[in-house]
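Chain A is the first sequence line, chain B the second, and so forth, proteins listed ahead of strands; every chain is numbered from 1. Just so it is clear, the structure is predicted and the values come from calculations on it, not from any experiment.
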Number of protein chains: 2
Amino acid sequence: MSPRPKVGLELIEILEAGAEIADQKGIQDVTLANLAKKLGIRPPSLYNHFDGLGGLRKELAIYGIERLYEVLAPAAIGVSGDEAVMMISKAYVNFVRKHPGIYEATLMAPDMEDEEVQIAGSKIVELTVRVLQAYKLEGDTALHAVRGLRSILHGFSSLEKSGGFKMALDLDESFEMIIQAYINGIRYQ
Amino acid sequence: MSPRPKVGLELIEILEAGAEIADQKGIQDVTLANLAKKLGIRPPSLYNHFDGLGGLRKELAIYGIERLYEVLAPAAIGVSGDEAVMMISKAYVNFVRKHPGIYEATLMAPDMEDEEVQIAGSKIVELTVRVLQAYKLEGDTALHAVRGLRSILHGFSSLEKSGGFKMALDLDESFEMIIQAYINGIRYQ
DNA sequence: TTGTTAAAACTAATACCGTTAGTTATAATT
DNA sequence: AATTATAACTAACGGTATTAGTTTTAACAA
């Protein structure tokens with residue numbers, strides 16, 4: 001009633017292999033064929049672990065969101081206010097710089113409304129809400145502010161990743177200035 | 001020395017057909033097979049107009065950036081300062097809401113460093129620079145500020161499009177508050 | 001008017017992908 | 001030692017982009 005396979009792959013190993021392909025060669029190279037080759041099995045065998053390519057994308061999205069959360073959470077420890085916002089913001093862009101493929105996978109779930117995906121994402125939202133509580137925003141303002149920070153972080157990261165910022169201008173300087181401007185704007189909302 | 005084909009498709013017609021597929025069924029349905037079917041020709045015939053799927057993506061990206069610029073440019077006419085920033089910002093998100101597929105195509109060029117793609121995008125950057133000149137930002141600050149506004153616009157739009165904002169909270173209210181906060185933050189930079 | 005030429009269509013074939021169906025081997029439990 | 005559930009496998013199908021080679025079309029030149 002509790003069997004064992006020839007190879008006995010665990011889902012986490014598969015996701016780590018997929019994440020490695022994504023970071024090294026880009027998310028478009030995360031195919032069932034490439035993944036199976038890396039794992040030393042045949043493509044159809046992967047269907048024992050998830051429901052096809054769509055299923056893989058969903059699992060990989062959750063995996064990526066959790067990895068991102070693990071980086072963000074410690075960044076906000078022991079600091080508060082502007083400093084806390086700046087710390088998690090820098091942690092966010094550094095994660096995308098280090099793991100562009102995993103971050104891309106984060107946004108490639110077939111259905112972002114999926115409950116498991118939402119649950120993983122809500123942890124990041126809640127973390128951001130806590131960090132922004134220092135500004136004592138009233139009512140829905142705090143939630144709007146969270147959306148704003150997420151927009152900046154995601155927008156900056158993905159534009160940087162895809163080469164959207166062409167000009168010879170220091171990216172870290174841009175980022176710090178942008179975050180600081182947004183913080184200042186929120187405080188006097 | 002100047003021939004004519006049976007059908008005589010022009011590149012612009014092909015791109016419009018591709019844009020229609022992208023907006024109606026999603027960018028993943030913009031395949032050479034679907035595009036050829038819609039145009040009433042065979043897939044290999046498309047190679048007479050662009051260099052394969054990669055070439056189509058590049059052309060479609062430029063097409064999309066130009067359509068976006070055409071919407072942004074008039075939005076900033078006759079207004080200045082905060083109002084101008086708010087106008088082009090709203091024009092941006094409304095474009096993405098109306099043409100999600102075309103906007104997605106904007107970011108799917110195989111090489112964002114490509115000169116033609118860069119030229120198309122630089123027009124939007126220059127437009128934004130002009131709008132932000134009202135704030136008399138000194139030195140590189142203006143360029144950093146442009147990056148910030150682009151980050152917000154792109155981040156908000158793509159998160160909204162992909163269902164990243166789950167909570168039952170008015171999206172337009174969020175957007176206006178975010179832009180206003182950023183503007184305020186920039187002014188007192 | 002006729003012949004040439006270049007563009008843009010076509011057919012045929014290949015390789016790769018995801019997917020399904022059905023089968024086999026493994027290893028823990030009974 | 002027999003059972004059983006898991007996870008591997010092979011084989012086959014349909015869809016995809018792509019290449020090679022061919023044919024049709026229509027403008028230009030003679």
Under a 4.0 Å threshold between the charged nitrogen and the carboxylate oxygen, would B:R97 count as salt-bridged to B:E160? yes
Partners of B:H99 by side-chain contact (heavy atoms from CB on, under 4.5 Å), sequence neighbours excluded? B:D23, B:F95, B:I102
Between the protein and nucleotides 14-17 of chain D, list every N/O to N/O distance that falls short of 3.5 Å.
residue, atom, partner, partner atom, Å
D:dA17, OP1, B:L32, N, 2.6
D:dA17, OP2, B:L32, N, 3.4
D:dA17, OP2, B:A33, N, 3.0

For B:D29, enumerate each residue passing the salt bridge (Lys or Arg N to Asp or Glu O under 4.0 Å) test, keeping only those at least two apart in sequence or located in another chain. none
I need the A:L60 CG to A:T106 OG1 distance, nearest 0.5 Å. 8.5 Å
Using the test ring pair (Phe, Tyr, Trp, His ring centres under 6.0 Å), find all partners of A:F165 that sit at least two apart in sequence or belong to another chain. A:F156
Without swapping roles, check the side chain of A:R57 against the backbone of A:D111 for a donor-acceptor pair under 3.5 Å. no
Mind checking what makes side-chain hydrogen bond (donor to acceptor under 3.5 Å, both in side chains) contact with A:E70, not counting sequence neighbours? A:R67
Between C1' on D:dC9 and CG on A:L39, what's the gap in Å once rounded to a whole number? 15 Å
Taking atom types as they are modelled, would you say the side chain of A:N48 forms a donor-acceptor pair with the base of D:dA8 within the 3.5 Å cutoff? yes
Rounding to an integer number of Å, can you tell me how far A:K37 NZ sits from C:dG18 C1'? 15 Å
Distance in angstrom units between B:L35 CG and D:dT18 P, rounded: 13 Å
Value in whole Å for how far the C1' atom of C:dC17 lies from CG of A:L56: 14 Å
Identify the two heavy atoms, one from B:L132 and one from B:A142, that lie closest to each other, and give their separation to 0.1 Å. CD1-O, 4.5 Å
Is there any protein nitrogen or oxygen under 3.5 Å from a nitrogen or oxygen in nucleotides 10-13 of chain D, and what are the pairs?
residue, atom, partner, partner atom, Å
D:dT10, OP2, A:R42, NE, 3.1

State whether the side chain of A:E116 and the backbone N or O of A:I62 hold a donor-acceptor pair below 3.5 Å, judged by distance alone. no
B:H49 side chain near C:dA7 phosphate (N/O to OP1/OP2, under 4.0 Å): no
Could you state the atom-to-atom distance from CD of A:E13 to P of D:dA8 in whole Å? 10 Å
Spacing of B:L46 atom CG relative to D:dT19 atom C1', expressed in whole Å: 14 Å
